[in-house]
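First comes the structure, then the notes that go with it.
For the numbers below, each heavy atom of this structure counts, side chains included, while hydrogens, waters and symmetry mates do not.
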Amino acid sequence: MLSSFTQKALQIIRSIPEGKILTYGRIAAFAGKSNGARQISRLLHSMSQKHDLPWHRVVNAHGKISLKPSYGYELQKALLESEGIKFSLNDTIDLKKYLWKDPFKKIKIISGLTFRL
DNA sequence: AGTATGACCGTTC
DNA sequence: TGAACGGCCATAC
């Protein structure tokens, strides 16, 4: 049984298209908690395999990977690059270019179910 | 020195 | 054992 917040967060994460990224804070805000960014990290950490999430499409608000080297950093970077995302010199992603804006314009949530439009 | 952010954390159910 | 809840806090800027 997943909370409403968790469900929405998972749906938003699952709905991130290839080649696009979203930040922790934005996911949390869209899921209903403006200050719940840390819970998003928790979700990704504990439920990414189980729920088949594109966890690599979530980065921090600066466009950087929050994972530490040899703890998933290289994997995430490789996955993102394989989707066509380019990193700048400081391993930063250009948010203006790749950030997925306004998830709710692309998905519709009815009774807890998500539909891609 | 105040703000924003976060692959948290302790506890409860 | 796994998930929900809630908030404090270190770090960066």
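- Comparing A/Asn35 and A/Leu43, the nucleotide of DNA chain C nearest to each residue sits closer to the 5' end for A/Leu43.
- Whole-Å rounding puts the A/Leu22 CG to B/dG6 C1' distance at 15 Å.
- Counting non-hydrogen atoms under 4.0 angstrom, A/Thr6 reaches the backbone sugars and phosphates but no base.
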Quiz item: Run the side-chain contact (heavy atoms from CB on, under 4.5 Å) check on A/Trp100 and A/Ile21 step by step: do they pass?
Solution: CA-CA 6 Å; A/Trp100 185 34; A/Ile21 57 171; over 6 Å; no

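- A straight line from CD1 of A/Ile40 to P of C/dA4 spans 12 Å, rounded to a whole angstrom.
- Distance A/Asn60 CG to B/dG6 P: 6 Å, rounded to the nearest Å.
- With respect to the salt-bridge test (charged N to carboxylate O, under 4.0 angstrom), the residues A/Lys64 and A/Asp91 do not qualify.
- Among the protein residues, A/Ala37 comes within range of the nucleic acid bases, having at least one heavy atom under 4.0 Å from a base atom.
- C/dC5 atom P lies 18 Å from atom CZ of A/Arg38, rounded to whole Å.
- Annotation: of the two residues near DNA chain C, A/His62 and A/Ser3, the 5′-most nearest-nucleotide partner is A/Ser3.
- Taking 3.5 Å as the limit, the base of B/dG10 and the side chain of A/Arg42 contain a donor-acceptor pair of atoms between them.
- In this structure, A/Lys68 fails the cation-pi test against A/Tyr73, since its NZ or CZ atom is not both closer than 6.0 Å to the six-membered ring centre and inside 45 degrees of the ring normal.
- Candidate nucleotides C/dA4, B/dT5, B/dC8 were compared by shortest atom distance to the side chain of A/Ala61, and B/dT5 ranks first.
- Comparing the same atom, P, in C/dG6 and in B/dT5 gives a spacing of 22 Å after rounding to whole Å.
- Atom CD in A/Gln39 sits roughly 13 Å away from atom C1' in B/dG10 (whole-Å rounding).
- The one candidate from A/Ile40, A/Leu44, A/Leu43 that meets the side chain to side chain contact (heavy atoms under 4.5 Å, CB included) condition with A/Ile27 is A/Ile40.
- A cation-pi arrangement is absent between A/Lys8 and A/Phe30 under the rule of less than 6.0 angstrom and at most 45 degrees off the ring axis.
- In this structure, the CZ atom of A/Phe5 is 14 Å from the P atom of C/dG7, given to the nearest Å.
- Note: NZ (A/Lys33) to P (C/dC5) measures 7 Å, nearest angstrom.
- For A/Asn90 and C/dA12, the CG to C1' distance is 15 Å, given to the nearest whole Å.
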